[in-house]
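As structure tokens, the structure follows; a few thoughts come after it.
For clarity, every value in this text was computed on a predicted model and none was experimentally measured. First the proteins, then the strands, lettered A, B, ... as listed; each starts at 1. All values below come from the heavy atoms of this structure, side chains included, with hydrogens, waters and symmetry mates left out.
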Amino acid sequence: MFGYVGKLLFVDLTNRTFEVRDLDEKTAKDYVGGLSLGAKILYDEMPAKTPVFAPESMIGFVTGVANGAGPFMGGRYTVVSKSPVTGGFNDASSGGTFGPLMKRAGYDAVFFKGISEKPVYVFIDDGKVEFREATHLWGKTTIELEKAIKEELGDPKVGIASIGPGGENLSNMAAIMNDEHRAAGRGGSGAVMGSKKLKALVVRGNHRVQAHDKDAVVALNKEVAEWHKGPVAPVYEMFTNHGTGGAYDSSIINGDTSVKNWLGTANDLTEEQIKKPTSQEQDKLFKIKKYSCHACPVGCGAIYSVKDGKWPIEETGRPEYETDAMFGSMVLNGDVYAINQCNFLCNEYGLDTISVGATVAWLMECYNNGIFTKEEIDGVDLTWGNADAIVAMTEKICKGEGIGKILQAGSVAAAKHFNKGFEALVHASGIEIPQHDPRWSPGLARTYQYDPTPGRHVKGGLSIHYGHQPPEVRYDYTNTGERDVNGVVYTEALYAAGFCTMSDFGLPPEIHIKFLTAVTGFEYTPEEARNLGIRSYTIRHAFNLREGLRRKDFTISDRIIGVPPLKEGPTAGVTVDAKMIADNFFKELGWNLEDAVPTKESLERVGGLENVIKDLYANA
Amino acid sequence: MLKNGKVNTVKIQVYFVCQEVVGDMKDGIYEVAEGSTIRDLFSVCEKENNIFIKDEYRRWLVFLADGKQAQWDTVLHKVNTVHIIRAAVGG
Ligand code: SF4
């Protein structure tokens, strides 16, 4: 098969055995790779209702078919597992070089089950699988670990996906890190790795995948480059020069970014607090070089060095927009040294900056409202905007010290533990919400609440950019279904193929399906392309259904949908009709509105979901 | 328009939060005829800064008029401040 290695690796960590299977062509065409192929394998291989940290629980590293096959911005891999946070399906993707390197090592996907008796890392060396002791590496932070493994193997170029102490401690916020600064961050996949005593997956090799039509890939890359120079040039210029944090100030002003744990607006911040954390300003202070993922001409990353201030850092990745906002506007902080330190700590300890920042913000609101006393939070004065306190609490969470041990489980689990602070929680099905506001872009309400991987901003649908529609369009909730489903369809295919979310910005949607065909040789009619996206969404959702989750189990906090509405700012008075948007979406898919179970007909129409039909309708 | 043929003007404070689209256009007070739209105001900004934005790049701009969402054709009635913002969001 073109684009694929054609091999899947299944590793049992309990017995230290493995099995290599072929990837068949039908599965490849139907599910492509990434989150979609990952969900399909998880659905087929992992028994229903397996407790997330049980030996039978699985975690998979799945490449996209574009990885290493030539397309620009096609270097992302996806981690799939059950989520310890939501209890449902989890996918988290990351860029860098790990995905392409895993294919070079000889596998399209690697799945783990079982629990190793002792800490272990698995080294795949050009197809060969080796279990290596990791007791001496347990406890190391992610950058220390990468250094140690590279030294141990005598190879600075191996690909490493690993966990830090966060994953070892089974934190619900534990990320999987690769290329030092890149994270498959959300949903707690790092904890699943930790529960298996798997410190790292290490890859290298010489296998090269071939695109079916290399000339077509080159021509499409050229077309993408033309778009980047042409109509979408200003946006890509911003990403190239300043990364995702380049839009920090504008996003606060227009009402997209959270201020004060979603209670505030730009009016709660000073001009300086809005301006200073933008990447444009931070770059002037800290940027030492640019950074790109594999085959990406945009290169939205940068390496910072913080040479002065209270928290010097030799080298660290530039904080992403999400991180800037989580440790910035969300907690009324404009101190960029503090933001960088929090980002650094989270990356080092392998924790998701979104969930950690949101948990600090939750506690901050509670503290400022007298729900927690200073003594109860280890003497840290979490007054809004106190930069020292924000760093101190983040450090406690990362290290699992004092109250940080409880907060490592996230804001929802912490509220349950203390049995208070529920009114300050902002989450979707238990996971903290990222930095895009449904009151500004209402479709996010459906995405956050009902995506099979809830609480994510990069899951398509009406999408973030819908917020730029005039109010009479975006706050008209009556006919959103078709557009919402179309957005999902496209995004699922994009990620299945391993493309970066930024690769679709302003480009015609067909371009990535053309890439897919150029790489694999699989032709997709428009109907097949649509079914590919719906199938991917459905198999992820089916995982949740099989766990017993139904529509009522997917929740979203009132605050985030404008109940009650904000009193000022660009989204003043907005209450999102989240139910209507979701109804429209499920109707468009042909699913049952009451419990969000797909009808048999809708599953048959999409095809490739025979196992789901069997599970849902065997007794019908 | 006044009876003597003169045009009544209003002064509006403009902030640009979109350097990658408008380059060096300067924050400041711009004067436009009463009843002008955002589009008219933007033309004045272009002329005064001697920077002219290609049509294809204009889709990357959105607006707030006194903190409320506005469009190219929004009439600037009793508006003091306009933010001209990039229509791009962080990742
Ligand atoms: S745009 Fe940024 S995140 Fe996306 S592939 Fe390029 S460097 Fe990686």
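When heavy atoms are compared at a cutoff of 4.5 Å, A/E320 does not approach chain B at all. Contacts between B/V62 and chain A at a heavy-atom distance below 4.5 Å involve the side chain alone, from C-beta outward. With a 4.5 angstrom heavy-atom cutoff, A/D256 touches chain B only via side-chain atoms. Only the side chain of A/S251 comes within contact range of chain B, with heavy atoms under 4.5 Å apart. Looking at A/H242, neither its backbone nor its side chain comes within 4.5 Å of chain B, counting heavy atoms on both sides. With a 4.5 Å cut-off on non-hydrogen atoms, A/I464 touches chain B through its side chain but not through its backbone.
Interface summary for chain B: among A/H436, A/M502, A/H457, the most heavy-atom pairs under 4.5 angstrom belong to A/H436. Top candidate by heavy-atom pairs under 4.5 Å with chain B, chosen from A/P231, A/P434, A/A572, is A/P231. Between chain A and the options B/K68, B/R86, B/Q19, B/Q71, the largest number of non-hydrogen pairs under 4.5 Å is found for B/R86.
Between the A/Q280 side chain and the A/G246 main chain, a donor and an acceptor come within less than 3.5 Å of each other. The backbone N or O of B/T81 sits nowhere less than 3.5 Å from a side-chain atom of B/Q13 that would complete a donor-acceptor pair.
By the 4.5 Å heavy-atom criterion applied to side chains, B/V21 and B/I53 are counted as neighbours. With a 4.5 Å cut-off on side-chain heavy atoms, B/Y30 and B/I12 do not count as touching.
Between atom CD of residue A/E281 and atom CG of residue A/D249 there is a gap of 8.5 Å, rounded to the nearest 0.5 Å.
For B/E56, the CD atom is densely surrounded, since the number of other residues' heavy atoms within 6.0 Å is greater than 12.
For the pairing with A/T257, the side chain to side chain donor-acceptor pair (under 3.5 Å) check across A/Y321, A/Y248, A/W262, A/W440 returns one residue only, A/Y321.
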